[in-house]
Colleague: 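Quick one: this structure, given as structure tokens, is what I'll be asking you about.
Proteins get letters first, then strands, A, B, ... in listed order; numbering begins at 1 in each. Heavy-atom basis, side chains included; hydrogens, waters and symmetry copies ignored.
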There are 2 protein chains.
Amino acid sequence: MPEPRSGSRPTLEAVAALAGVSRATVSRVVNGGDGVRPHLADRVQTAIQELGYIPNHAARTLVTRRTGAVAVIIPEPEARIFSDPFFSRQIRGISKELTAHDTQLVLLLVEDLCDYDRIERYLAGGHVDGALAFSLHTDDPLPAIADRIGMPMVYGGRPGWTAGPGEDDRVTYVDADNRGGARDAVRHLLAQGRRRIAHICGPLDQTSAADRLSGYRDVLPDAGCELVASGDFTAAGGARAMAELLDRAPSIDAVFAGNDLMATGALRVLRERGRAVPAEVAVVGFDDAEPVAESADPPLTTVRQDIEGMGRMMARLLMERLGDGRGGGRSVPGPVITQTALVQRASG
Amino acid sequence: MPEPRSGSRPTLEAVAALAGVSRATVSRVVNGGDGVRPHLADRVQTAIQELGYIPNHAARTLVTRRTGAVAVIIPEPEARIFSDPFFSRQIRGISKELTAHDTQLVLLLVEDLCDYDRIERYLAGGHVDGALAFSLHTDDPLPAIADRIGMPMVYGGRPGWTAGPGEDDRVTYVDADNRGGARDAVRHLLAQGRRRIAHICGPLDQTSAADRLSGYRDVLPDAGCELVASGDFTAAGGARAMAELLDRAPSIDAVFAGNDLMATGALRVLRERGRAVPAEVAVVGFDDAEPVAESADPPLTTVRQDIEGMGRMMARLLMERLGDGRGGGRSVPGPVITQTALVQRASG
DNA sequence: TTGTAGGCGTTATCAC
DNA sequence: GTGATAACGCCTACAA
């Protein structure tokens, strides 16, 4: 049995020789095979099977100028990236969509700012056709780099430099309706008769945090600033913020946390201080990513965003922009804002 | 200002022309530059700067047969992959090490078994120089594929088909001393005077779960089977198992859970049933991955494994095997077993 | 030390 | 329809 030797895989040439045709014909068969007589196509297919031929990626990329790969760039400095299921789910969504387009996911974790040199070389070196990036800060150098080297990008979460949701159509991003979702959460608490509603916000240099705070203020424009405490989107930060709120405003009867992780931190502090949830204090979170919200104690009422769907959408927009096949759609799709939905559970 | 047009980046040829030397000389400078007179090297560097030259990856790969990329293959079926910080940390470790070697990380999430076709094509297509794979089950087709196409592999966690820890030197893997760590945990509980010590094990088709169970039995060979319940490495599974144990053996005074996530589920059930931790029932976990163990309520006593370090080690072994530069070390390093350490906190 | 030339495996443009 | 042939951008003997 002629086992193919590892280390030197069969080439197009070998297939052509075995099938008794030219390289060009084999190439046609491999790439869809229009305009090849079934007779020959079959012979080629057989040869391909027999030799276990698999096209060489580098050679193909060299001539087509397409890599079939996409970078996902994650600013690692915020270590919450992996502890927060948010990113994981989004990556899963991205992965699914890319797989459906036969495109590979190259993960680029950015440890610190000087890594951006490496990132630039990588992106410019033709390793990938486009890139997806998460939760950039206002001063992130990535957009400038992408611009300079002409790399198609799609952002996750509204980038900080845009004027506001839906107000800048030159950049493609996918975001949830953070402001609207926050309004829903606060209105839900109001409808329960809650009157002293506090907010634990995330880091305000991220638009998701800022937009949720805006939503809170939309509904409660007169809320005193003693009712707003800052967290960092982690459980520990949420706990600290909750403790602060209880000290500053002991009479609060509800808390809207900027995400589920902070909400769980808040729940822990409320339990430690003997405040019954939701009887004395209602708690609402944001995200509804497995398994945090559902397995919280008590299970969290929260604002659901379709995180995996947002990931898929990011990938889809990029694919669209890359013109899936050859040349096609060069357009730059505008932002996509996805809807949120309040999910009521036991906490409020 | 001669902005380089995006879409057609400068080539080696262009640099050579601008510097007034041959392509070969430029190539030498780009790749370390031994044996080029400083005089010329400078001129080349200048030209490179001026043109913003960045080597084309595909062309280089085509001739060197090295991609500078490594695949990380994750069998997604177990959805815990991302909800469990274990994987996240390991990926972070891998990423750091790879970055240090100027190597890229290509993430391959495997949704279901038929994806392995795609995986094989990908690996055989010369996209990557080697691959890392996590927590395979006994019947996973990946090892056979890797073997057939001669892809250098390093596994995370002892693969199920190996006889036992350290008994098969033909496969490279990195694992913690799960059995020893489990023994430490149980002995720690014994030393506290606990007498009815239960175990919540993970899915036994994964060696990490099986080895930890073995460690438990090493210390407590006479423990009745009513003291062992199965979880699935998730918090919900841990909760179910805990409930089961309390029903079957109400007198238990300690629980060793196969990982931290299951331990948190156990804590929740114990709290719901009014059993004080650790006064009435002590709980010990396994992993000590942020933020689960530390932010549990009460904080978990647990067996720490250096997860990020294991990830780095996996990447390092693969790099070593690939012979970092040209051709060097072709050896197949044997398994590496890392030590664990008991971390005592409030839960037991 | 430097330059010349051949080839890596594909796709694409032509003739036939 | 099919087959030569020329790129694609780079590395690397080998020759000078």
Colleague: Give the rounded distance in Å between these two atoms: CD1 of A/I54 and P of C/dT10.
Modeller: 11 Å

Colleague: Check the side chains of A/T67 and A/D129 for a donor-acceptor pair under 3.5 angstrom, ignoring hydrogens and angles.
Modeller: yes

Colleague: Toward the 5' end of DNA chain C, which comes first, B/G20 or A/A59, by nearest nucleotide?
Modeller: B/G20

Colleague: End-to-end bend of the helix from C/dT1-D/dA16 to C/dC16-D/dG1 (five-pair axes, 10° rounding)?
Modeller: 40°

Colleague: Is any side-chain nitrogen or oxygen of A/N56 closer than 4.0 Å to OP1 or OP2 of C/dC8?
Modeller: no

Colleague: Touch check for B/L12, heavy atoms < 4.0 angstrom, all strands: base, sugar-phosphate only, or nothing?
Modeller: sugar-phosphate

Colleague: For A/A315 and A/L98, work out which heavy atoms get closest and say how close.
Modeller: CB-CD2, 3.9 Å

Colleague: Of the non-hydrogen atoms in B/L123 and B/A71, which two are nearest, and what is the gap between them?
Modeller: CD2-CB, 4.2 Å

Colleague: Between C1' on C/dT10 and CG on B/L62, what's the gap in Å once rounded to a whole number?
Modeller: 8 Å

Colleague: State, with a plain yes or no, whether a side-chain heavy atom of B/D140 is found less than 4.5 Å away from one of B/P143.
Modeller: yes

Colleague: Find out whether A/I119 and A/I145 are in side-chain contact, i.e. whether some heavy atom of one side chain is under 4.5 Å from a heavy atom of the other.
Modeller: no

Colleague: Once you round it to whole Å, what is the distance between P of D/dC10 and CZ of B/R60?
Modeller: 8 Å

Colleague: Between A/D175 and A/Y155, is there a side-chain donor-acceptor contact under 3.5 Å, judged purely by atom types and distance?
Modeller: no

Colleague: Picking from D/dT2, C/dA12, D/dA13, which would you name as closest to the side chain of A/A24?
Modeller: C/dA12

Colleague: Whole Å only: how far is the NE2 atom of B/H57 from the P atom of D/dC10?
Modeller: 13 Å

Colleague: Once you round it to whole Å, what is the distance between C1' of C/dG9 and CG of A/L51?
Modeller: 15 Å

Colleague: So, does B/S22 get its side chain near the phosphate of C/dG3, meaning an N or O under 4.0 Å from OP1 or OP2?
Modeller: yes

Colleague: What is the ring orientation for A/H57 with B/H127, classed by angle as parallel under 30°, tilted 30 to 60°, or perpendicular over 60°?
Modeller: parallel

Colleague: Without decimals, in angstroms, what is the distance between B/N31 CG and D/dT12 P?
Modeller: 7 Å

Colleague: Please tell me if B/T25 has a side-chain N or O lying less than 4.0 Å from either OP1 or OP2 of C/dG3.
Modeller: yes

Colleague: Which comes earlier along DNA chain C counting from the 5' end, the contact point of A/R23 or that of B/V21, where each point is its nearest nucleotide?
Modeller: B/V21

Colleague: Any side-chain N or O of B/R65 less than 4.0 Å from the OP1 or OP2 oxygen of C/dG9?
Modeller: yes

Colleague: Does A/R37 put a side-chain nitrogen or oxygen below 4.0 Å from OP1 or OP2 of D/dG1?
Modeller: no

Colleague: What's the CD-P distance between B/E13 and C/dG3, to the nearest Å?
Modeller: 13 Å

